[in-house]
Amino acid sequence: MSDDSRPSPPAGPSTARTAAVIPAAGRGVRLGPGAPKALRALGGTPMLIHAVRAMAASRAVSLVVVVAPPDGAAEVKTLLDAHALPERTDFLVVPGGRSRQESVKLGLDALPPGHDIVLVHDAARPLVPVDTVDAVIEAVRDGAPAVVPALPLADTVKQVEPAGTPGEPEPVVATPERSLLRAVQTPQGFDRATLVRAHETVTGEVTDDAGMVEQLGLTVVAVPGHEEAFKVTRPLDLVLAEAVLARRRLNDGF
Ligand code: CTP
Ligand code: MG
């Protein structure tokens with residue numbers, strides 16, 4: 001839930017204005033059959049609405065661009081019209097593409113001038129706390145061209161020689177030192193011009209936007225992420241998300 005009483009970076013005229021692009025055009029194949037993932041309900045409200053509210057909860061964010069399933073832009077627009085956002089926050093809806101990368105690019109193309117900081121946030125991370133959003137924005141304001149929220153790993157990670165057939169044993173080739181690894185979340189924050197340049201020049205598969213900025217040879221910094229910013233990917237993640245919402249409701253006393 002958004003909590004407007006929390007301290008947020010001031011959004012005065014001297015500070016850069018921030019827009020959030022929310023890629024929400026995926027089907028959610030790993031979640032199983034049903035509506036597109038972003039439109040599935042969490043605590044009775046579509047996941048996408050939670051994600052939009054999570055961005056709008058930051059006082060710095062004045063525009064949210066939702067990248068909808070290619071055939072669902074009108075439905076998403078109706079949905080957003082029906083759910084109140086803070087007065088300071090505008091939104092736009094554009095149809096997405098075949099890959100996440102393409103969807104983010106379509107969202108960036110729709111950004112009007114006047115927003116110098118851009119967040120890219122997965123609709124599939126509906127529960128990210130506003131403090132995490134603000135920490136990312138602050139690090140961009142402090143001069144980093146790209147910022148990722150990141151957490152240390154609980155599991156040890158092994159590099160393997162992938163087996164040709166799923167389920168076959170795979171030889172382990174290396175064990176990277178766990179203390180040097182981080183699991184990366186969203187929102188990722190960018191100097192707008194840098195992100196646009198990355199999307200215009202970097203080709204090939206990447207799994208996050210900051211990875212494209214790394215390919216430009218620029219430094220990406222990590223700030224502390226949050227366990228509630230996890231990505232809803234598989235059915236068990238929905239159970240966890242419902243539990244987090246239930247805990248918040250208890251704590252908020254409603
Ligand atoms: N996404 C997108 N456009 C695509 C594919 C993905 O906007 N063509 C978005 C998803 O809607 C999601 C985010 O990128 O908010 C992260 O992707 P992921 O969690 O992989 O979602 P899906 O691709 O929908 O899920 P799956 O890979 O299980 O199909
Ligand atoms: Mg996917």
Side-chain angles (χ1 to χ4, degrees), residues 19-42 45-56 61 63-77 79-80 83 91-111 118-129 132-133 136 146 148-151 166 183-190 195-196 198-199 202-213 225-242 244:
V21 173
I22 303 189
R27 276 231 54 93
V29 171
R30 287 169 290 180
L31 204 53
K37 179 160 72 178
L39 303 182
R40 303 271 200 115
L42 256 192
T45 302
M47 208 180 304
L48 172 63
I49 298 296
H50 289 282
V52 171
R53 285 180 172 158
M55 296 301 103
V61 173
L63 174 68
V64 177
V65 179
V66 174
V67 188
D71 55 356
E75 186 187 345
V76 165
K77 171 91 171 54
L79 199 63
L80 284 162
H83 289 83
F91 69 85
L92 279 175
V93 180
V94 297
R98 274 159 306 173
S99 65
R100 181 185 182 283
Q101 205 172 331
E102 209 179 306
S103 293
V104 172
K105 173 78 163 68
L106 289 165
L108 283 178
D109 289 347
L111 268 187
V118 178
L119 303 178
V120 181
H121 181 62
D122 293 328
R125 298 181 189 272
L127 301 179
V128 59
T132 307
V133 181
V136 169
V148 296
L151 287 180
V184 167
Q185 306 175 317
T186 74
Q188 299 189 349
F190 304 90
L195 183 61
V196 168
H199 273 270
V202 175
T203 52
E205 273 305 296
V206 284
T207 52
D208 73 338
D209 301 279
M212 304 176 81
V213 173
H226 196 285
E227 60 177 359
E228 293 182 0
F230 68 92
K231 187 154 71 94
V232 174
T233 306
R234 298 179 187 84
L236 195 57
D237 299 322
L238 280 177
V239 179
L240 180 60
E242 293 287 359
V244 170

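We count ligands from 1, going down the list as the structure has it; atoms in each ligand are counted the same way. Predicted model only: the values in this text are computed from it and were never measured.
In this structure, atom 9 (C) of ligand 1 lies nearest to the protein heavy atom Pro23 O, 3.6 Å. Closest to atom 7 (O) of ligand 1, if we only count protein heavy atoms, is Ala25 N, 2.9 Å. Counting only heavy atoms of the protein, atom 8 (N) of ligand 1 lies nearest to Gly97 O, 3.0 Å.
No part of Ala38 comes within 4.0 Å of ligand 1, judged by heavy-atom distances. Of all the heavy atoms of Glu102, none lies under 4.0 Å from any atom of ligand 1, so neither backbone nor side chain is involved.
Judged by the shortest distance from any of its heavy atoms, Gly28 lies inside the 4.0 Å radius around the atoms of ligand 1. At a 4.0 Å cut-off, at least one heavy atom of Asp122 sits close enough to ligand 1 to count as contact. By the 4.0 Å heavy-atom criterion, Gly96 is excluded from the residues contacting ligand 1.
For a threshold of 3.5 Å applied to N or O pairs, the pair formed by Val232 and ligand 1 contains no separation below that value. For the pair Leu31 and ligand 1, the shortest N or O to N or O distance does not fall below 3.5 Å. Taking distance alone, with nitrogen or oxygen atoms compared against 3.5 Å, Val29 approaches ligand 1 more closely than that limit. Considering backbone and side-chain N/O atoms, Lys37 comes within less than 3.5 Å of an N/O atom of ligand 1.
Residues Val76 and Pro69 form a side-chain contact, since some pair of their non-hydrogen atoms from C-beta on lies under 4.5 Å apart.
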Listing, residues 24-36 side-chain donor-acceptor contacts under 3.5 Å, not counting sequence neighbours, or none:
| residue | atom | partner | partner atom | Å |
| --- | --- | --- | --- | --- |
| Arg27 | NH2 | Gly34 | O | 2.9 |

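One distance of note links CZ of Arg125 with NE2 of His226; it measures 13.5 Å at 0.5 Å rounding.
Across all non-hydrogen atoms, the minimal contact from Arg53 to Thr45 is NH1-CG2, 4.3 Å.
Not counting sequence neighbours, Arg40 has no partner by the side chain to side chain donor-acceptor pair (under 3.5 Å) test.
Around atom CD of Glu242, more than 12 heavy atoms belonging to other residues, nucleotides or ligands sit under 6.0 Å away.
Proximity of a side-chain donor or acceptor of Gln185 to a complementary backbone N or O of Gly225 within less than 3.5 Å is not detected. In this structure, His50 contributes its side chain and Leu42 its backbone to a donor-acceptor pair below 3.5 Å. When atom types are taken as modelled, the side chain of Thr186 and the backbone of Asp122 share a donor-acceptor pair closer than 3.5 angstrom. In this structure a side-chain-to-backbone donor-acceptor pair under 3.5 Å is missing from Lys37 to Ala123.
Near Ala24, meaning under 4.0 Å from one of its heavy atoms, ligand 1 places the atoms 7 (O), 11 (O). Taking every non-hydrogen atom of Arg27 and a distance limit under 4.0 Å, the qualifying atoms of ligand 1 come out as 24 (O).
Selection from Gln101, Lys231, Arg30 by nearest heavy atom to atom 19 (O) of ligand 1 gives Lys231. Nearest-residue assignment for atom 23 (O) of ligand 1 (options Ser103, Ala68, Gly26; heavy-atom criterion): Gly26.
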